Amino acid sequence: MMNLAEGLVMRAREIDQIVLQGKELMVIGHINPDGDCIGSMLAVYHYYRSKGKDLTPVLMDKVPPYLAFLPGADKIVSLADYQGHPDVIILLDCNSLGRAGDDKLSALSEQAQVVNIDHHAMVNPKERLEEGIRLADPEAAATGELLYEYFQMINGWDGLPVVLKETIAEVLFTAMAADTGMFRFNNTSSKTFRYAGDLLDCGINMEPIRIHLFENKTRKQLTMQSVALQKLTTTAGGKLAYIAITQTDMETAGVTEEDCANLVANTMLLDGVKIGMIFEEKSDGVIKVSLRSRNGYNVGKIAAGLGGGGHVLAAGCRKIAPIEQVVKEFLAEGEKEIALVEQEA
């Protein structure tokens, strides 16, 4: 077994027993799901289905089209349509129920044992998961990385059938690649590379994963990227870049909300930018906020302070307010963070 802390191993085995003893299980990830979220959900889904468990993967939002290639993605159901009554809820890639669902999830959790596997360090205190069993490692590059360790800790990896191991390896590799920018970001460690190599040795093909995550773009997505770049604005002496996308912008460009995926990366392309923000106005009035930063600047703190969550270098939030108000709030906090870092330098 890997050299893992005894406490983590005990907690992992406790979670495994809870799941194995459950009769009806839900596995759920965070709103605005990304590759780590969905890859982690599908890894747990495939593993415990192989153990004969009645398990349903559920999301508040739709599976992004670029992740539909993952094996089992078509099995994910919307929280609104979910009709089950789980006695175990497996919460992945976020550490609060409020980051995963609405009042329906909260009500379901009152009758269920909640177990949580996650790598996020930041959590909104108002939404902290007060009850449940948690396996957490903020040093892990992705929840998918932590899950690979989890399967080792419960002695569940080596004995898997070859085909099932390849399937789980594919979704775990996708999870890790998504949260590390294909192993380019600062959260990538030597351990991440070792685990990625282990997963590649299971026979998976890295090329389609890279293409789906980072290269495949529709013409409408490229059109939206062009619109976003035209709207790119800076403040704080060029250290904070932001883009605000309204419903009118989408209508004018002839695109839909699905065509706006992953636009936040564009805010970090400009030389000198330390913090990037994108604000997307949804048709239901929700403003989706995505944040990115360079090493030394903490956007997780900004998001948590305004009702969201995430990492130091990548975070997000949803707000119900006019987009102008949301932009103003986040810019103010972003400028404070930049000023604080410069003051301490």
Side-chain angles (χ1 to χ4, degrees), residues 1-2 4-30 33 36-60 72 75-77 79 82-101 104-121 123 127-138 140 142-161 164-165 167-168 171-172 175 309:
M1 183 182 292
M2 303 171 181
L4 298 166
E6 183 177 347
L8 285 178
V9 175
M10 292 179 61
R11 183 59 56 89
R13 291 177 177 174
E14 183 179 4
I15 289 174
D16 181 48
Q17 287 304 304
I18 291 171
V19 174
L20 290 175
Q21 292 168 11
K23 293 182 172 56
E24 182 178 349
L25 301 100
M26 170 198 287
V27 56
I28 189 166
H30 56 74
D36 188 24
C37 172
I38 291 179
S40 296
M41 287 175 58
L42 294 177
V44 170
Y45 169 76
H46 288 297
Y47 179 81
Y48 282 109
R49 289 281 289 189
S50 76
K51 303 297 181 182
K53 303 311 298 180
D54 178 13
L55 186 149
T56 305
V58 177
L59 279 172
M60 180 82 168
K75 304 299 183 183
I76 298 175
V77 303
L79 179 59
Y82 179 73
Q83 299 298 317
H85 299 281
D87 57 327
V88 177
I89 295 175
I90 307 168
L91 178 67
L92 296 173
D93 202 36
C94 60
N95 45 22
S96 70
L97 291 168
R99 287 284 293 154
K104 180 176 181 178
L105 178 62
S106 179
L108 289 171
S109 71
E110 292 178 0
Q111 305 300 321
Q113 168 71 66
V114 179
V115 298
N116 178 219
I117 302 176
D118 181 44
H119 75 126
H120 291 86
V123 62
E127 296 181 343
R128 183 180 297 276
L129 182 67
E130 298 292 352
E131 302 295 335
I133 307 297
R134 179 179 293 112
L135 179 70
D137 182 7
T143 297
E145 179 176 302
L146 180 57
L147 273 173
Y148 181 59
E149 293 182 335
Y150 171 79
F151 292 133
Q152 304 281 347
M153 289 187 278
I154 62 174
N155 297 318
W157 183 257
D158 292 337
L160 289 175
L164 177 61
K165 183 180 285 189
T167 297
I168 297 176
V171 295
L172 287 180

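Just so it is clear, the model here is predicted, and its values are computed rather than measured.
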Scanning both residues in full, the closest heavy-atom pair of Leu91 with Ala100 reads CD1-CB, 3.6 Å
Could you give the distance from CE (Met41) to CE (Met26), rounded to the nearest 0.5 Å?
9.5 Å
Is the shortest heavy-atom distance from the side chain of Val58 to the side chain of Pro86 under 4.5 Å?
no
Between Asp54 and Lys23, the two heavy atoms sitting closest are CB-O, 3.6 Å
If we only count heavy atoms from C-beta on, is the Asp118 to Arg134 side-chain gap below 4.5 Å?
no
With rounding to the nearest 0.5 angstrom, report the CD1 to CD1 distance, Ile89 to Ile28.
7.5 Å
Leu105 vs Met60 side-chain heavy atoms within contact, under 4.5 Å
no
Quick one: does Ile154's side chain get under 4.5 Å of Tyr47's, heavy atoms only?
yes
Test side chain to side chain contact (heavy atoms under 4.5 Å, CB included) on Leu108 and Tyr82; report intermediate values, then the result.
CA-CA 11 Å; Leu108 289 171; Tyr82 179 73; 3.9 Å; yes
Just wondering, do Ile38 and Leu59 contact through their side chains at under 4.5 Å, heavy atoms?
yes
Tyr150 vs Val44 side-chain heavy atoms within contact, under 4.5 Å:
no
Is there a donor-acceptor contact under 3.5 Å from the side chain of Asp36 to the main chain of Asp93?
no
Might you point out which heavy atoms bring Pro57 and Lys75 nearest each other, and give the distance in Å?
CG-O, 3.6 Å
Report the C-alpha distance between Met10 and Glu14 in whole Å, list the side-chain angles of each, state the deciding distance to 0.1 Å, and finish with yes or no for side chain to side chain contact (heavy atoms under 4.5 Å, CB included).
CA-CA 6 Å; Met10 292 179 61; Glu14 183 179 4; over 6 Å; no
One should read off an interatomic distance between Gln113 CD and Gln21 CD, to the nearest 0.5 angstrom, of 10.5 Å
Find the distance between OG1 (Thr143) and CG (Asn116) and round it off to the nearest 0.5 Å.
8.5 Å
Which pair of heavy atoms, one from Glu145 and one from Ala140, lies closest together, and at what distance?
OE2-CA, 3.5 Å
Taken to the nearest 0.5 Å, the spacing of Leu160 CG from Ser50 OG works out to 6.0 Å
Quick one: are Asp137 and His119 in side-chain contact, heavy atoms under 4.5 Å?
no
Does the side chain to side chain contact (heavy atoms under 4.5 Å, CB included) test come out yes or no for Ile76 and Leu42, once each step is laid out?
CA-CA 9 Å; Ile76 298 175; Leu42 294 177; 4.2 Å; yes
Could you report the tightest heavy-atom contact between His46 and Ile168, atom names first, then the distance?
CB-CG1, 4.0 Å
Give the C-alpha distance, both sets of side-chain angles, the deciding distance and a yes or no for side chain to side chain contact (heavy atoms under 4.5 Å, CB included) between Asn155 and Arg13.
CA-CA 9 Å; Asn155 297 318; Arg13 291 177 177 174; 3.4 Å; yes
Have a look at Val27 and tell me which of Leu55, Val115, Val19 forms a side chain to side chain contact (heavy atoms under 4.5 Å, CB included) with it.
Leu55
May I ask you to decide if Leu20's main-chain N or O and Lys53's side chain share a donor-acceptor pair within less than 3.5 Å?
yes
So, for Gly144 and Leu172, which heavy atoms are closest and what is the spacing to 0.1 Å?
O-CD2, 3.5 Å
Within the structure provided, determine whether Val171 and Tyr45 are in side-chain contact (heavy-atom separation under 4.5 Å).
no
